[in-house]
Amino acid sequence: MSNKVLGIDLGTTNSAVAIIEDGQPHIIPVGGERLLPSVVGLDPEGGLLVGRHAYNQWGVSAERTVRSVKRLMGSGKNVEMAGTTYTPQEISAFILRRLREAAAAYLGEDVQRAVITVPAYFNEPQRQATIEAGEIAGLQVERILNEPTAAALAYGYGRESGGQPLRVLVYDLGGGTFDVSIIELDGEIVDVIATAGNNHLGGDDFDQRLADLLADEFERDHKIDLRQNHQAWARLFRAAEEAKIELSSVPYATVNLEYIASDKKGRPLHIQREIQREEFEGLISDLLDGTLDAIDQALTDANLEAGDLDRVLLVGGSTRIPAVWSLITEHLEREPHSEIDPDAAVALGAAVQAGIVGGEEIDAILVDVTPFSLGIETATFRGGRIKDDHFVPLIRRNTAVPVQKSEMFNTIFPGQQAIHVKVYQGESSVASQNVLLGDFMFDELKPNRSDGLTEVTVNFQLDINGILNVTVIDRAGRKQVSEQMKASRQRLSPEDIAQSQAKLSLTYADADETDEDEVVFDPGVHALLERAAKVLADPDVDPELAGDISDVMIAIREAAQEGDDEAVEERCDELIDLLFEAEE
Ligand code: ADP
Ligand code: MG
């Protein structure tokens with residue numbers, strides 16, 4: 001028998017298995033995927049389905065399929081699957097056996113020993129049931145490990161010899177459960193100081209919110225409630241999850257569902273709906289806000305303040321939603337870590353523990369991360385003033401590479417035909433205080449909004465060698481420009497910072513924080529501003545003249561903002577003169 005020991009994350013939604021190889025934990029793929037959906041089913045012929053196939057069957061025949069059995073572990077309740085009764089341990093054992101088989105295929109030998117993780121709040125009967133599930137699957141369960149402890153181990157915490165005890169808050173938002181744990185690691189000794197959370201909150205709820213929105217809209221348009229048709233609803237739910245996952249890296253996603261229903265005359269009906277990230281985040285914001293209460297509850301129970309924490313770790317697939325990172329950063333006033341794949345961290349940590357049990361040498365997990373944030377400069381036009389030199393990061397520091405992120409931006413002047421894309425690296429919210437990596441012009445923009453502005457998508461793709469590909473896409477004009485630049489692999493030196501500060505571009509005095517609505521111009525003024533914007537977009541325009549033109553444009557906006565028509569008119573005359581000069 002092999003002396004290897006498997007690390008297993010037996011999750012509510014997904015499970016994973018990992019092992020130490022060459023001193024590092026690795027996820028073992030199951031059926032070509034890193035995660036195995038924790039779903040078990042029987043096909044119509046009575047054949048066993050585990051994982052993706054079972055998950056797919058759930059959409060067609062729920063009565064032959066079992067999901068989220070982890071919730072029932074240790075409860076004494078049983079489940080029905082295709083008319084037969086099973087204990088939760090038996091269903092879990094099907095999952096564990098599948099993981100064990102995948103490991104055997106991958107390693108070329110059967111491994112029977114395992115460390116299996118459970119939530120920190122699992123009680124004795126629940127832990128016992130997990131051990132039994134392992135035994136039914138033919139595994140010798142060496143250790144039951146708390147999930148937050150596993151996550152901390154994946155990050156290499158708690159394995160350092162000596163040193164100060166480390167207080168770690170683990171925020172785990174998965175598919176159907178949400179747990180906050182505060183643990184204290186002191187060498188080999190781990191204490192769970194507090195746990196809080198919600199056993200019925202997770203990615204499924206986010207999918208549900210989005211699916212409900214689409215179903216409501218469909219019902220309004222066609223008087224058909226898709227929720228009444230199990231199959232249609234399952235398709236809608238799955239499409240909602242796909243869109244949700246897409247929205248974690250791109251600013252908008254489209255749900256496309258053909259033949260989702262048919263009307264009274266039997267004609268097919270479809271759903272085609274674009275969802276923007278902001279809209280999605282708005283749908284789930286109350287749920288995400290609620291998770292902050294659990295953090296506070298755990299802190300109170302542990303008798304700690306946010307400032308007492310040494311680390312904050314994000315675990316669970318749902319923490320990939322960008323809003324989660326922002327919320328926690330703001331609430332705890334520190335940047336959480338999520339550079340180890342949040343849905344693999346628990347399995348990787350279980351493998352570390354398994355390696356310790358098996359007497360393996362283990363190195364710290366190597367993750368390639370970008371050591372600083374990468375983003376672009378933006379400007380806003382508010383309250384009659386332009387505020388520029390803002391840095392908006394697209395890829396935050398400590399993000400694992402390779403990575404791809406995109407965001408949507410819009411132009412600031414109606415009719416604006418070009419934008420100057422400036423790419424920076426650094427942590428300052430003032431763009432010019434960061435290091436300029438490169439810049440380029442994007443012109444021939446086609447306004448696609450009623451206010452004359454154009455929406456563009458900026459996409460950053462960073463590879464493991466630090467090569468950054470920046471692509472700007474004008475959705476309406478269907479134009480796309482890409483530039484490649486090199487991001488440095490080290491943190492910035494003070495000289496770099498001084499140098500980039502010296503590059504401080506044109507700034508506008510008295511920029512203030514007022515956040516008033518956009519100004520509405522009368523058509524003549526609007527046309528004039530458009531003409532001016534075109535002139536400014538011309539790279540050959542004399543810089544001094546361009547400066548005068550933009551000053552007058554700003555003055556016009558200010559005057560319009562204040563409702564001073566006379567001043568608007570005067571300034572427009574000035575602008576006309578300047579434009580003549582420029583167009584000569
Ligand atoms: P669990 O621990 O509950 O078994 P996971 O940690 O694997 O589950 O999380 C699964 C959930 O994470 C699912 O709801 C899935 O849709 C969600 N998820 C996975 N990837 C992303 C992503 N990129 N953005 C948003 N949600 C995601
Ligand atoms: Mg989990």
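In this text the structure is predicted, and so the values were computed from the model without any measurement. Order of appearance sets the numbers: ligands from 1, and atoms from 1 within every ligand.
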Under 3.5 Å donor-acceptor, Ser326 side chain and Pro322 backbone:
yes
Is the NZ or CZ atom of Arg311 both under 6.0 Å from the centre of the six-membered ring of Tyr157 and within 45° of that ring's axis?
yes
Please list the nearest protein heavy atom to atom 2 (O) of ligand 1 with its residue and the distance rounded to 0.1 Å.
Gly174 CA, 4.1 Å
Residue pair Tyr171 / Thr291, side-chain heavy-atom distance below 4.5 Å:
yes
Check Asn199, Asp172, Leu201 against Phe178 for a side-chain contact (heavy atoms from CB on, under 4.5 Å) and give me the one that passes.
Leu201
Option set Val346, Thr177, Thr13, Leu36, criterion heavy-atom distance to atom 4 (O) of ligand 1, minimum
Thr13
Hey, which atoms in ligand 1 end up nearer than 4.0 Å to a heavy atom of Glu241?
13 (C), 15 (C), 16 (O)
Ignoring hydrogens, just give me the one of Ser249, Gly175, Gly202 whose non-hydrogen atom is nearest atom 8 (O) of ligand 1.
Gly175
Got a salt bridge between Asp207 and Lys244, using NZ or NE/NH1/NH2 to carboxylate O under 4.0 Å?
yes
Please report whether ligand 1 has a polar contact with Asp343, defined as an N or O pair separated by less than 3.5 Å (distance criterion only).
no
Just jot down the ligand 1 atoms closer than 4.0 angstrom to any heavy atom of Ile321, in number order.
25 (C)
Can you list the atoms of ligand 1 that are under 4.0 Å from a heavy atom of Gly11?
4 (O)
Can you check whether Gly11's main-chain N or O pairs, donor with acceptor, with Ser38's side chain at less than 3.5 Å?
yes
For ligand 1, which is the ligand I care about here, please tell me if Ser248 has any N or O atom under 3.5 Å from one of the ligand's N or O atoms.
yes
Test: Arg209 and Asp286 ion pair at under 4.0 Å:
yes
Among protein heavy atoms, which lies nearest atom 9 (O) of ligand 1, and at what distance?
Gly317 N, 3.3 Å
Closest to atom 10 (C) of ligand 1 by heavy-atom distance, out of Leu173, Asp207, Asn14, is Asn14
Tell me the closest heavy-atom pair linking Ser248 and Ile321, and the distance in Å.
OG-CA, 3.7 Å
Ligand-residue contact atoms, ligand 1 with Gly316, heavy atoms, under 4.0 Å:
6 (O)
